[in-house]
Amino acid sequence: MAIGKGKSSSVWRQSGGFTPLTVTMESTGSAVAYMYDNQIFIECTAAAINKYVEVTTPIGFKVIDHYNILDGTTSSAVTAANGASQLSTVAATGTTDGALKRATVLDTDEWQFDAGDDDLRLDVATGAFTGIAVLTIVPQG
């Protein structure tokens with residue numbers, strides 16, 4: 001669903017809050033991303049180790065939380081980044097299907113993203129990532 005000509009957080013909310021996002025991946029694997037309510041979901045299948053998944057976002061926001069939902073096959077460290085600058089990392093522990101792994105620190109110098117940015121990235125380390133990265137956001141007008 002398109003959010004129309006406006007790019008403000010109020011237009012996004014009026015559209016129902018569900019917005020597909022553009023994803024660019026380095027190397028192999030696949031990913032889709034979307035915004036729903038106050039969260040960005042990035043669903044990855046075998047996102048390659050030492051590569052990135054990049055997401056373009058239509059509104060400005062701050063990231064206030066990051067967790068991963070694991071699919072049970074790999075134990076991957078996933079760093080959320082603002083361009084090349086680290087925002088948060090979810091440690092590479094556990095492979096229990098459906099397990100939630102949460103970042104314990106957010107770098108508040110890197111949590112702000114502007115409308116139209118294409119610098120929201122997931123950097124994958126330790127093992128290929130299959131699961132869902134969930135970023136909770138506060139929209140900025």
Side-chain angles (χ1 to χ4, degrees), residues 1-94 96-141:
M1 173 187 302
I3 63 171
K5 290 183 178 180
K7 299 292 184 186
S8 73
S9 59
S10 62
V11 171
W12 167 62
R13 289 211 180 275
Q14 291 169 6
S15 72
F18 179 87
T19 305
L21 302 173
T22 301
V23 175
T24 304
M25 289 189 70
E26 183 181 32
S27 192
T28 60
S30 64
V32 295
Y34 52 92
M35 296 175 71
Y36 183 73
D37 197 20
N38 283 345
Q39 294 182 309
I40 295 174
F41 298 85
I42 307 167
E43 298 184 28
C44 299
T45 302
I49 187 170
N50 298 323
K51 303 296 181 184
Y52 66 81
V53 177
E54 190 171 74
V55 179
T56 302
T57 54
I59 67 167
F61 59 90
K62 286 183 181 174
V63 174
I64 59 169
D65 191 17
H66 170 200
Y67 64 91
N68 292 343
I69 304 169
L70 305 178
D71 82 333
T73 60
T74 59
S75 200
S76 302
V78 177
T79 298
N82 190 339
S85 301
Q86 179 178 323
L87 167 66
S88 60
T89 299
V90 175
T93 58
T96 303
D97 191 26
L100 298 179
K101 300 296 179 177
R102 177 165 262 115
T104 57
V105 177
L106 290 173
D107 184 344
T108 57
D109 290 335
E110 303 301 335
W111 68 350
Q112 177 71 46
F113 293 82
D114 295 325
D117 270 356
D118 63 355
D119 53 2
L120 173 59
R121 289 175 53 158
L122 295 182
D123 293 314
V124 179
T126 309
F129 176 61
T130 298
I132 303 171
V134 181
L135 303 171
T136 304
I137 63 171
V138 176
Q140 306 291 299

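If you read the sequence from its start, that first residue is 1, and numbering goes on from there.
Here the straight-line distance linking atom CE of Met35 with atom OG1 of Thr57 works out to 7.0 Å at 0.5 Å rounding. Between atom CD of residue Gln140 and atom CZ of residue Phe113 there is a gap of 12.0 Å, rounded to the nearest 0.5 Å. Rounding to the nearest 0.5 Å gives a distance of 10.0 Å between CG of Asn68 and CZ of Arg102. Between Tyr34 atom OH and Ile40 atom CD1 the span is 11.5 Å, to the nearest 0.5 Å. Rounded to the nearest 0.5 angstrom, Thr22 OG1 and Asp118 CG are separated by 9.5 Å. Note that the CH2 atom of Trp111 and the CD1 atom of Ile137 stand 13.0 Å from one another [nearest 0.5 Å].
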(message) Using the rule given for side-chain contact (heavy atoms from CB on, under 4.5 Å), can you reason through Met25 versus Val53, listing the C-alpha separation, both sets of side-chain angles and the distance that settles it, and then say yes or no?
(response) CA-CA 5 Å; Met25 289 189 70; Val53 177; 3.9 Å; yes
(message) Please determine whether side-chain contact (heavy atoms from CB on, under 4.5 Å) holds for the pair Leu120 and Leu135, giving the CA-CA distance in whole Å, both sets of side-chain angles, and the decisive distance to 0.1 Å.
(response) CA-CA 10 Å; Leu120 173 59; Leu135 303 171; 3.6 Å; yes
(request) Show your reasoning for whether side-chain contact (heavy atoms from CB on, under 4.5 Å) applies to Cys44 and Leu122. (result) CA-CA 10 Å; Cys44 299; Leu122 295 182; 4.3 Å; yes
(request) Report the C-alpha distance between Val23 and Ile42 in whole Å, list the side-chain angles of each, state the deciding distance to 0.1 Å, and finish with yes or no for side-chain contact (heavy atoms from CB on, under 4.5 Å). (result) CA-CA 9 Å; Val23 175; Ile42 307 167; 5.5 Å; no
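Between Tyr67 and Gln39, the shortest heavy-atom contact is OH-NE2, 3.7 Å. The two residues Ala77 and Thr126 make their nearest non-hydrogen contact at CB-OG1, 3.7 Å. Nearest heavy-atom pair across Leu70 and Phe129 is CD2-CE1, 4.3 Å. Scanning both residues, Arg121 and Gly83, for their nearest heavy atoms gives CD-O, 3.3 Å. Between Glu110 and Gln86, the shortest heavy-atom distance links the atoms CG-O, 3.5 Å. In plain terms, the two heavy atoms of Pro58 and Ala115 that are nearest each other are O-CB, 3.5 Å.
Thr56 has its side chain out of reach of Leu21: every pair of non-hydrogen atoms, C-beta onward, lies at least 4.5 Å apart. Lys51 has its side chain out of reach of Val124: every pair of non-hydrogen atoms, C-beta onward, lies at least 4.5 Å apart.
For the pair Asp117 (side chain) and Asp119 (backbone), a donor-acceptor distance under 3.5 Å is absent. Between the Thr130 side chain and the Ala46 main chain, a donor and an acceptor come within less than 3.5 Å of each other. A donor-acceptor pair under 3.5 Å is formed between the side chain of Glu26 and the backbone N or O of Tyr52.
Side-chain atoms of Thr89 and Thr79 form a donor-acceptor pair, as typed in the model, at a separation below 3.5 Å.
Looking at residues two or more places apart in sequence or on another chain, you find no side chain to side chain donor-acceptor pair (under 3.5 Å) involving Asn82.
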